[in-house]
Amino acid sequence: MNVCVVSGNVVSDVDFKFIYGNKFKWSIALFSLKLLNGTVIRVKAYNYIADYFYRKIEMGMYVFLIGRLDTKMELTVTQINRYNIGYGACIISE
C-alpha cells in the first residue's frame, strides 16, 4: 500500500458524478490540485468523501491531502478528518 501526502491549491471546480451499476461506489468527486512545485494532479474521492468535497472544497482553497497515488498520477483520498477543517484550508487525513 502506498501513502502519498500532498498540499496545494485547488485549481478546478469539484466535478460530482453518480456511478450506476456499482454496489460499493455510488458517487465520485474529481478536481485538480496544483502542488507547490507546480505539478497539477487529479484528485478523486468516492461516496461520502465525494459528497463532503462537493459541499466544502472550492476553487482557490489550499488543501493538505493524504491518500493513495495510482499509475495515472491520480490521488484517491480514502478517509477524511472533519475536525481539522478550517476556513480557507482543509486538512484531510487517513
Side-chain angles (χ1 to χ4, degrees):
M1 177 178 90
N2 66 17
V3 176
C4 185
V5 179
V6 297
S7 65
N9 290 318
V10 177
V11 293
S12 70
D13 290 326
V14 177
D15 185 22
F16 185 81
K17 298 179 181 179
F18 288 102
I19 302 171
Y20 298 104
N22 192 323
K23 186 176 180 181
F24 302 105
K25 296 177 182 175
W26 55 85
S27 62
I28 184 171
L30 299 161
F31 62 93
S32 295
L33 185 71
K34 185 174 182 180
L35 305 180
L36 297 177
N37 66 359
T39 305
V40 177
I41 63 170
R42 291 290 287 171
V43 176
K44 60 184 175 180
Y46 295 100
N47 303 336
Y48 72 93
I49 301 171
D51 179 57
Y52 185 79
F53 279 173
Y54 181 69
R55 289 184 289 122
K56 299 290 184 178
I57 300 294
E58 297 176 0
M59 192 173 357
M61 288 181 74
Y62 187 81
V63 296
F64 298 93
L65 302 171
I66 299 175
R68 295 189 176 108
L69 195 62
D70 64 13
T71 56
K72 297 178 190 175
M73 295 300 291
E74 291 182 336
L75 181 72
T76 303
V77 179
T78 56
Q79 191 175 13
I80 60 174
N81 183 353
R82 294 185 184 107
Y83 301 108
N84 293 329
I85 305 299
Y87 180 77
C90 179
I91 310 296
I92 310 297
S93 64
E94 185 169 7

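With sequence neighbours excluded, the residues that form a ring-ring contact (aromatic ring centres under 6.0 Å, His included) with Phe18 are Phe16. With sequence neighbours excluded, no residue satisfies salt bridge (charged side-chain N to carboxylate O under 4.0 Å, His left out) with Lys34. Take Asp13 and apply the side chain to side chain contact (heavy atoms under 4.5 Å, CB included) test, not counting sequence neighbours, and it matches Met59.
Hydrophobic cluster membership differs between Tyr46 and Leu33, with clusters built from Ile, Leu, Val, Met, Phe, Trp and Tyr side chains linked at under 4.5 angstrom. Cluster annotation: Leu36 and Val40 are assigned to distinct hydrophobic clusters (Ile/Leu/Val/Met/Phe/Trp/Tyr, side-chain heavy-atom contacts under 4.5 Å, transitive).
Looking only at side-chain heavy atoms (C-beta outward), Trp26 and Ile19 stay at 4.5 Å or farther from each other. Two residues are said to be in side-chain contact when any heavy atoms from C-beta on lie closer than 4.5 Å; Leu65 and Val43 meet this criterion.
Taking CZ of Phe31 as the reference point, atom CD1 of Ile41 lies at 8.5 Å (rounded to 0.5 Å). To the nearest 0.5 angstrom, Ile28 atom CD1 is 15.0 Å from Tyr54 atom OH. Taking OG1 of Thr76 as the start and CG of Asn2 as the end, the distance is 9.5 Å to the nearest 0.5 Å. How far CG of Leu30 is from CZ of Phe53: 11.0 Å, rounded to the nearest 0.5 Å.
Shown here for Leu75 and Gly67, the closest heavy-atom pair between the two residues is CD1-C, 3.7 Å. Residue Ala29 comes nearest to Ala50 through the heavy atom pair N-CB, 3.5 Å, listed as atom of the first residue, atom of the second, then distance.
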What side-chain donor-acceptor pairs closer than 3.5 Å can you find for residues 4-12, not counting sequence neighbours?
residue, atom, partner, partner atom, Å
Ser7, OG, Tyr62, OH, 3.2
Ser12, OG, Ser32, N, 2.8

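Sorted by first then second residue, the salt bridge (Lys or Arg N to Asp or Glu O under 4.0 Å) pairs that include residues 35-45, not counting sequence neighbours, are Lys44-Asp70, Lys44-Glu74.
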